[in-house]
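Below: one structure, written as structure tokens.
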Protein chains: 2
Amino acid sequence: MTASETTARKRRPYAARVPMAQRREQLLDAALAIIDRDGYDRISIDAIAKEVGVTRPVVYGAFDDLGQLLGALLDRQQERAITQLYAALPLDAVGSSPVELVERAVPALHAMLLADPMTWRAILQSGSGVPEAVGRRVDGDRTRVLATVELMISSALPQDYDAELLAHAVIALLEHFGRLVLADPEHFTAERLATSARTMIGAWLP
Amino acid sequence: MTASETTARKRRPYAARVPMAQRREQLLDAALAIIDRDGYDRISIDAIAKEVGVTRPVVYGAFDDLGQLLGALLDRQQERAITQLYAALPLDAVGSSPVELVERAVPALHAMLLADPMTWRAILQSGSGVPEAVGRRVDGDRTRVLATVELMISSALPQDYDAELLAHAVIALLEHFGRLVLADPEHFTAERLATSARTMIGAWLP
DNA sequence: TCCATTTACTACACAACTGTAGCATTCTGG
DNA sequence: CCAGAATGCTACAGTTGTGTAGTAAATGGA
């Protein structure tokens, strides 16, 4: 065994070469998997590199820094979530009563969550552990959703309800029950949730 | 200037000596301040030492490691929160209707939050960023509170409401509106919240 | 086959943090 | 004043992560 053979033996074999676009997607998938498994406070360039089986310069070749990577992940995930949300909501039921809407929306949203749990878990755990740039972005998104929900409530319920507070309540409940469904879908079934929602909302209608 | 003078010049002046019990309390206060300002993911022995103006061995002289310190902080904060909560809730109103209870509880809870915001902010931001041991403890506490709320609901509302789901909803709403009040107390006033709560709960009563 | 391009790895410097043995300083009582 | 006890600091070793210059390997086209 010569010295060059000894030296060559020690060098880690190269990971398969991958076009940049595909590599970026792979890195984003890895980041999402880490966030889902370990939480936002465990995400790092080093962790992502290890998850994929490449070295850090490869990650830096695709993204300038962690912030940029997380921004790209957010872009991608947001697009996925919005697509799923619009597919799930009964937007064709324009003239229906709130109770009918709820009876159709709850099972659809329930199925949506379970069809892509990783996406929704990452979104619904966007609490204080997220990097600051991510948190600001998510807060902005939540503000927009809040305004939309507030408009819907204003047109559906009597005027003696505070629409802004109700919108906050609806968002908080959707997020909380989303987390419960993802954690225990057999216990928090679509049927059970729909029944309760119908009963409570029904009591608020004229 | 002799060599010993030069050496003495370079040594950092000692922080004031403090009895152990007082030091522990001071370190816990510092930890709470860091969590409030920077979040759970920024808490570390080093950060606490810097916050107080001592070196790390001083912190390690008081607590074995970060986990033990955070456990002690949790014990202390939990005791504070429970004391404040029991002082705020109208426990003397045993025979009152749910609407009356709410009308008295909301302003009291509102004032409680603002009387000690740091304590409540640390509790209400106990999301995914917390160290695992803390998260498990908080989850256990939440489960107990949930069971208590579920019992109260079972006795106050008609049987066609799902008490478990409602308990989850109440907890989610209390936490969410707690965060809103801490963030913007002038916008989310006690009066406004009480009015909305009265209207909604009133609609559920026989 | 050879060469140029593209993609991947190594080794390094640096920063931040954990944990501790040994040493230093401060304070109080005799 | 001095000695001892109690509390505080320094320097060190180790770990983990960031970021990068230089080198290596792989691939495809001529």
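The sequence lines fix the lettering, A, B, ..., with proteins before strands; numbering per chain opens at 1.
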>> Working to the nearest 0.5 angstrom, can you tell me the gap between B:Phe63 CZ and B:Leu28 CG?
In response: 4.0 Å
> Testing A:Leu32, A:Val52, A:Ile45 for side chain to side chain contact (heavy atoms under 4.5 Å, CB included) with A:Leu27, which one passes?
Replying inline: A:Val52
>> If I compare all heavy atoms of A:Ala122 with all of A:Tyr40, which pair ends up nearest, and what's the gap?
In response: O-OH, 3.2 Å
> If you pin B:Pro57 and B:Pro13 to their nearest nucleotides in DNA chain C, which one's is more 5'?
Replying inline: B:Pro57
> CD1/A:Ile123 to CG/A:Leu85 distance, rounded to the nearest 0.5 angstrom?
Replying inline: 9.0 Å
> When every nucleotide of nucleotides 12-19 of chain D is labelled 5' to 3' by its protein contacts under 4.0 Å (heavy atoms), B for base, S for sugar-phosphate only, - for none, what sequence of letters results?
Replying inline: -----SBB
> When the distance from CZ of B:Arg12 to P of D:dT7 is rounded to whole Å, what number comes out?
Replying inline: 18 Å
> In residues 14-25 of chain B, what residues come within less than 4.0 Å of DNA chain D, judged by heavy atoms?
Replying inline: B:Tyr14, B:Ala15, B:Ala16, B:Arg17, B:Val18, B:Arg23
> What's the spacing between B:Asp46 CG and B:Leu66 CG if we round to 0.5 Å?
Replying inline: 11.0 Å
> Who are the ring-ring contact (aromatic ring centres under 6.0 Å, His included) partners of A:His176, not counting sequence neighbours?
Replying inline: B:His168
> If every non-hydrogen atom of B:Ala183 is compared with every non-hydrogen atom of B:Pro185, which pair is closest and at what distance?
Replying inline: C-CD, 3.8 Å
> How long is the line joining CG of B:Asp41 and C1' of C:dC17, in whole Å?
Replying inline: 14 Å
>> Could you measure the distance from the CZ atom of A:Arg42 to the CG atom of B:Asp41? Nearest 0.5 Å is fine.
In response: 10.0 Å
